[in-house]
Amino acid sequence: MTDAPKPPVAATRPHSFTAHNVKIDDPWAWLKDPGYPNVTDKDVLAYLDEENAYFEAVMAPHKPLSETLFKEMRGRIKEDESTVPQKDGDWLYWTDYETGGEYPRHWRRHVNGGADQLILDEPVLAEGKEYFRLGAAAVSPDGRWLAYAVDDNGSERFEVRIKDLESGALLPDTIPGMLSEIVWTADSKGFLYGLANEQWRTDNARWHKLGEPIEADVELFREADEGYRVAVGETQSRKWLLISTGDHVTSEVYLLPADDPAAPLRMVAPRQTGREYDVDEHDGTLFIHTNDVDPMWRLVTAPVNNPGEWRERIAPSKHFYMTGIECFADFFIVEGREDGLDQVELHRYDPSIAPVRLKFPEASYVAGTGDNPEYAIDKLRLGYESMVTPGTVYDYDVATGALETLKVQEIPSGYDGSKYRTERLKIAARDGTQVPVSIVYPRDFPKDGSGKLYLYAYGAYGYAIPPGFSTSRMSFLDRGMAFAIAHIRGGDDLGQQWYLDGKLDKRANTFNDFVDVAKGLIARGFTHKGGIAIAGRSAGGELMGAVVNSDPDLWGAVVADVPFVDVLNTMLDAELPLTPGEWPEWGNPIEDPAAFALIRGYSPYDNVKAQDYPPMFISGGLNDPRVTYWEPAKWAARLRATKTDDNVLLLKTNMGAGHGGKSGRWESLKEAADEMAFILWQLGVEE
């Protein structure tokens with residue numbers, strides 16, 4: 001064993017600061033390059049390179065397993081996959097992949113027939129680049145122009161380009177530093193967008209006119225609050241452009257006629273802290289989805305000419321969590337969740353006509369509206385899947401209620417859903433709250449405690465993890481493992497109150513729920529202590545950091561991708577791009593001593609202690625603007641210096657990508673294969 005690779009040891013350098021009369025020592029603070037986002041510090045880069053070399057050395061004996069897993073996952077993906085064409089105006093639009101292609105191609109065909117037209121070739125755009133991501137893309141109302149945005153380094157600062165779809169030529173108009181959607185004006189002569197400022201925050205909405213210099217673009221709106229972000233959009237009818245601003249708890253929306261973007265902005269309702277709303281429009285009436293009186297949300301209406309005159313159309317429900325509305329010419333759609341399960345309701349504008357709730361067959365599933373770009377439609381595009389049912393695209397006939405299956409996800413290597421079972425459980429947390437759990441496992445999975453289980457969660461920002469289908473997951477299931485999603489507080493699985501009960505001073509509920517779900521699964525015979533692999537990404541990585549500190553012996557393997565673990569330092573740094581906008585989610589430890597104490601009490605980096613930790617795989621991205629690379633790097637360094645075990649600890653920093661890891665469908669699968677191989681190795685799962 002003397003020739004086993006030795007882990008790097010990050011140097012410590014004295015560094016401390018005092019906040020609220022508390023001294024904080026941070027000997028790995030030097031890993032934050034002061035020149036970020038340009039990382040040029042030789043010591044920092046050398047350490048990250050050493051960790052990456054160590055990762056490669058440790059994983060080298062398991063490369064055959066990684067390659068096997070990659071081949072399995074790739075074999076379940078249709079190489080020449082294509083989407084179902086959808087009509088938008090005079091054209092049908094779809095995307096496809098060439099066999100072996102990393103990126104999709106974008107096509108259209110005139111509704112009257114004719115040749116297929118390749119309007120955007122992502123493989124060509126990505127050629128020679130280590131990273132490529134297509135951001136916003138929008139075709140002008142007259143079908144002539146395509147405006148699209150690209151990011152080629154993972155920094156999420158996009159460059160907008162405009163293509164003439166008649167000639168195929170690119171216009172000289174190029175807009176760097178964009179961070180928003182692209183929304184065309186009705187005359188197809190310009191579009192709305194937003195630029196990222198130096199703090200990687202969109203604090204503006206701008207109007208670009210084709211052929212004019214970028215310097216002449218009109219700033220339509222600027223936000224002064226450093227915690228707010230500005231977005232652009234449009235109503236389903238496309239009569240109105242929308243400029244919205246807000247943070248995680250408050251919103252404010254403005255209307256602008258799509259045929260007169262020079263008109264004065266029309267505010268729907270002024271910002272009130274804690275009130276969120278979003279807007280659609282039908283025939284001169286605004287449909288406003290809001291949480292103003294209840295965290296289950298409600299629907300109100302108001303005249304476009306008097307947008308502050310709110311009248312309740314659908315009252316809040318104790319059981320139905322209204323997540324969104326969408327207005328079409330002859331009906332509107334209300335989406336939501338009941339007991340955590342997706343629901344889709346079709347409402348007529350005549351309130352005397354009872355709404356129709358679409359029926360879905362399984363106990364646990366994901367369902368919702370799909371790509372429906374047009375306003376006047378008689379068929380509604382829907383998507384459906386479950387943990388055992390591959391993704392399915394339907395058209396719902398509004399008049400008859402009939403569902404037409406347009407496409408079922410094809411799995412080239414074969415799939416037999418009868419080999420698996422899925423359940424939706426409820427497990428009591430320590431305070432008595434019943435936490436939903438979605439679980440899938442092989443048909444012959446033993447429930448005697450001997451099994452191995454993969455447990456996933458997120459638990460932040462009111463984001464619910466859907467119990468959907470995954471072809472990658474089958475590599476675990478087909479090796480006899482179970483896979484579970486814990487729908488913990490911090491997400492909004494059971495309503496916005498579920499989210500509120502996992503944030504700020506109730507943040508501990510998120511961590512406790514996850515631990516208690518794991519213990520509940522053990523009690524029900526699904527697994528045993530040490531037989532659980534856990535994983536989380538970003539804020540879910542923070543969850544991983546918290547639960548390995550609190551209950552390290554429960555876990556057999558841990559994967560923390562781009563983990564938000566240096567919470568205290570990040571929330572104390574108002575100069576970081578995201579920090580001001582994050583205070584409503586986590587608290588402001590600069591101004592609030594209670595928030596400082598709370599965050600200091602759970603911040604994973606600050607609570608590493610001298611104890612045995614489970615095997616861990618940590619990842620980061622050098623260009624990540626959301627969770628900066630030094631968070632996972634500092635955490636790994638402190639863990640190495642503090643933990644008392646000999647379990648493997650890996651840090652892999654992607655030196656050419658950002659928050660999402662590598663781009664391209666195959667390159668991202670390779671990263672997933674490495675993580676899977678690590679889990680299977682550590683759990684001792686037989687091949």
(request) Check K407, R381, K87 against D395 for a salt bridge (Lys or Arg N to Asp or Glu O under 4.0 Å) and give me the one that passes. (result) R381
(request) For S82 and D96, indicate whether the former's side chain and the latter's backbone hold a donor-acceptor pair under 3.5 Å. (result) no
(request) Compare all side-chain heavy atoms of M296 with those of Q496 and state whether any distance is below 4.5 angstrom. (result) no
(message) If you define the side chain from C-beta out and look only at heavy atoms, does anything of R298 sit under 4.5 Å from E312?
(response) yes
(request) Flag the pair V435 / I488 as yes when at least one side-chain heavy-atom distance between them is below 4.5 Å, and no otherwise. (result) yes
(request) State yes or no: are the ring centers of H106 and Y93 separated by less than 6.0 Å? (result) no
(message) Any non-hydrogen side-chain atom of S438 less than 4.5 Å from a side-chain atom of M387?
(response) yes
(request) Report yes if the distance between the aromatic ring centroids of F469 and Y384 is under 6.0 Å, otherwise no. (result) no
(request) Give a yes or no on whether a salt bridge exists between E423 and R421, defined as a side-chain N under 4.0 angstrom from a carboxylate O. (result) no
(request) Inspect the contact between D431 and R489 and indicate whether a charged nitrogen and a carboxylate oxygen are less than 4.0 angstrom apart. (result) yes
(request) May I have the step-by-step check of ring-ring contact (aromatic ring centres under 6.0 Å, His included) for Y461 and W586, ending in yes or no? (result) CA-CA 10 Å; Y461 298 107; W586 312 105; 5.7 Å; yes
(message) Is it the case that the side chains of T202 and R229 hold a donor-acceptor pair, with the cut-off being a distance below 3.5 Å and no angle test?
(response) no
(message) Please check this pair: side chain of N372 against backbone of G370, looking for a donor-acceptor N/O pair closer than 3.5 Å.
(response) yes
(request) Under the side chain to side chain contact (heavy atoms under 4.5 Å, CB included) rule, what do D330 and I377 come out as? Steps first, then yes or no, please. (result) CA-CA 8 Å; D330 299 319; I377 58 174; over 6 Å; no
(request) Decide, yes or no, whether a salt bridge links D493 with R337 under the criterion of side-chain N to carboxylate O below 4.0 Å. (result) no
(request) Compare all side-chain heavy atoms of Y420 with those of L477 and state whether any distance is below 4.5 angstrom. (result) yes
(request) Apply side chain to side chain contact (heavy atoms under 4.5 Å, CB included) to I439 and L425, showing your working. (result) CA-CA 8 Å; I439 187 166; L425 312 173; 4.1 Å; yes
(request) May I ask you to decide if T250's main-chain N or O and D247's side chain share a donor-acceptor pair within less than 3.5 Å? (result) yes
(message) Between H282 and Y349, does the ring-ring contact (aromatic ring centres under 6.0 Å, His included) criterion hold? Intermediate values first, please.
(response) CA-CA 9 Å; H282 169 73; Y349 291 107; 3.6 Å; yes
(request) Output yes when a side-chain donor or acceptor of Q409 lies under 3.5 Å from a complementary backbone atom of P390, and no otherwise. (result) no
(message) With rounding to the nearest 0.5 angstrom, report the CD to CZ distance, E219 to R206.
(response) 6.0 Å
(request) Given side chain to side chain contact (heavy atoms under 4.5 Å, CB included), test M322 with V334 step by step and report yes or no. (result) CA-CA 7 Å; M322 187 186 299; V334 174; 3.8 Å; yes
(message) We want to know whether T285 and D283 form a side-chain donor-acceptor pair, criterion being a heavy-atom distance below 3.5 angstrom.
(response) no
(request) Give a yes-or-no answer on whether the side chains of E385 and T392 include a donor-acceptor pair shorter than 3.5 Å. (result) no
(message) Using a strict threshold of under 4.0 Å (side-chain N to carboxylate O), is an ion pair present between D80 and K78?
(response) yes
(message) Does the plane of the ring in Y193 sit parallel, tilted or perpendicular to the ring in H208? Use 30° and 60° as the thresholds.
(response) perpendicular
(request) Output the distance between atom CZ (F287) and atom CZ (R313), rounded to the nearest 0.5 Å. (result) 5.5 Å
(message) For W297 and F320, I'd like to know if the aromatic rings sit close, meaning centre-to-centre distance below 6.0 Å.
(response) no
(request) Identify whether the distance between the nearest side-chain nitrogen and carboxylate oxygen of R109 and D116 falls below 4.0 Å. (result) yes
(request) Side-chain contact test, heavy atoms from C-beta onward, threshold under 4.5 Å: evaluate it for Q117 versus L165 and give yes or no. (result) yes
(message) Is there a side-chain contact between L341 and R424 in this structure, where contact means two heavy atoms from C-beta onward sitting under 4.5 Å apart?
(response) yes
(request) For K506 and D501, run salt bridge (Lys or Arg N to Asp or Glu O under 4.0 Å): C-alpha distance rounded to whole Å, both residues' side-chain angles, the deciding distance at 0.1 Å, then the answer. (result) CA-CA 6 Å; K506 298 180 180 179; D501 286 343; 3.1 Å; yes
(message) Under a plain distance cut-off of 3.5 Å, with no hydrogens placed, do E252 and Y254 share a side-chain donor-acceptor pair?
(response) yes
(message) Whether the side chain of S140 engages the backbone of W145 through a donor-acceptor N/O pair (distance < 3.5 Å, no angle test) should be reported.
(response) yes
(request) To the nearest 0.5 angstrom, please state how far the CD1 atom of I333 sits from the CG atom of L382. (result) 7.5 Å
(message) Just checking H319: does its NE2 atom have more than 12 heavy atoms from other residues, nucleotides or ligands closer to it than 6.0 angstrom?
(response) no
(request) Show your working on side chain to side chain contact (heavy atoms under 4.5 Å, CB included) between R357 and V344 and close with a plain yes or no. (result) CA-CA 6 Å; R357 179 174 288 190; V344 179; over 6 Å; no
(request) Could you tell me whether a side-chain N or O of Y415 sits under 3.5 Å from a main-chain N or O of V388, the two making a donor and an acceptor? (result) yes
(message) If you apply the rule side chain to side chain donor-acceptor pair (under 3.5 Å), what do you find for Y321 with E335, and how did you get there?
(response) CA-CA 8 Å; Y321 171 45; E335 293 191 84; over 6 Å; no
(message) Taking the ring of F526 and the ring of Y441, is the distance between their centroids below 6.0 Å?
(response) yes
(message) Between D397 (side chain only) and T400 (backbone N and O only), is there a donor and an acceptor less than 3.5 Å apart?
(response) yes
(message) Whether K209 and D217 form a salt bridge (side-chain N of Lys/Arg under 4.0 Å from carboxylate O of Asp/Glu) is what I want to check.
(response) no
(request) Side-chain contact test, heavy atoms from C-beta onward, threshold under 4.5 Å: evaluate it for L120 versus R105 and give yes or no. (result) no
(message) Surrounding CD of E276 (heavy atoms of other residues, nucleotides or ligands, distance under 6.0 Å), is the total greater than 12?
(response) yes
(request) Evaluate the side chain to side chain donor-acceptor pair (under 3.5 Å) criterion for residues T235 and S237: first the C-alpha distance (whole Å), next the side-chain angles of each, then the deciding distance (0.1 Å), finally the verdict. (result) CA-CA 5 Å; T235 61; S237 66; 3.1 Å; yes
(request) Quick one: pull up OH in Y103 and CG in L134 and give me the separation to the nearest 0.5 Å. (result) 11.0 Å
(request) Output yes when a side-chain donor or acceptor of D342 lies under 3.5 Å from a complementary backbone atom of V366, and no otherwise. (result) no
(request) Please round to the nearest 0.5 Å and tell me the distance separating atom CZ of R144 and atom NZ of K189. (result) 12.0 Å
(message) Checking salt bridge (Lys or Arg N to Asp or Glu O under 4.0 Å) between R238 and each of D280, D88, D259, which is the one that passes?
(response) D88
(request) Would you check if the distance from the ring center of Y365 to the ring center of F360 is below 6.0 Å? (result) yes
(message) Tell me whether the NZ or CZ atom of R473 lies within the 45° cone about the ring axis of F483 and under 6.0 Å from its centre.
(response) yes
(request) Say whether, by atom type as modelled, one donor and one acceptor occur between the side chain of R76 and the main chain of T471 under 3.5 angstrom. (result) yes
(message) Once rounded to the nearest 0.5 Å, what's the spacing between atom CD of E234 and atom CG of L256?
(response) 12.0 Å
(message) Between E223 and R271 (salt bridge meaning N to carboxylate O under 4.0 Å), is one present in this structure?
(response) yes
(request) Assert yes or no for the condition that the ring centre distance of H289 to Y277 is strictly below 6.0 Å. (result) no
(message) I'd like to know if the side chain of R161 reaches the main chain of L146, judged simply by a donor and an acceptor atom lying under 3.5 Å from each other, with no hydrogens or angles considered.
(response) no
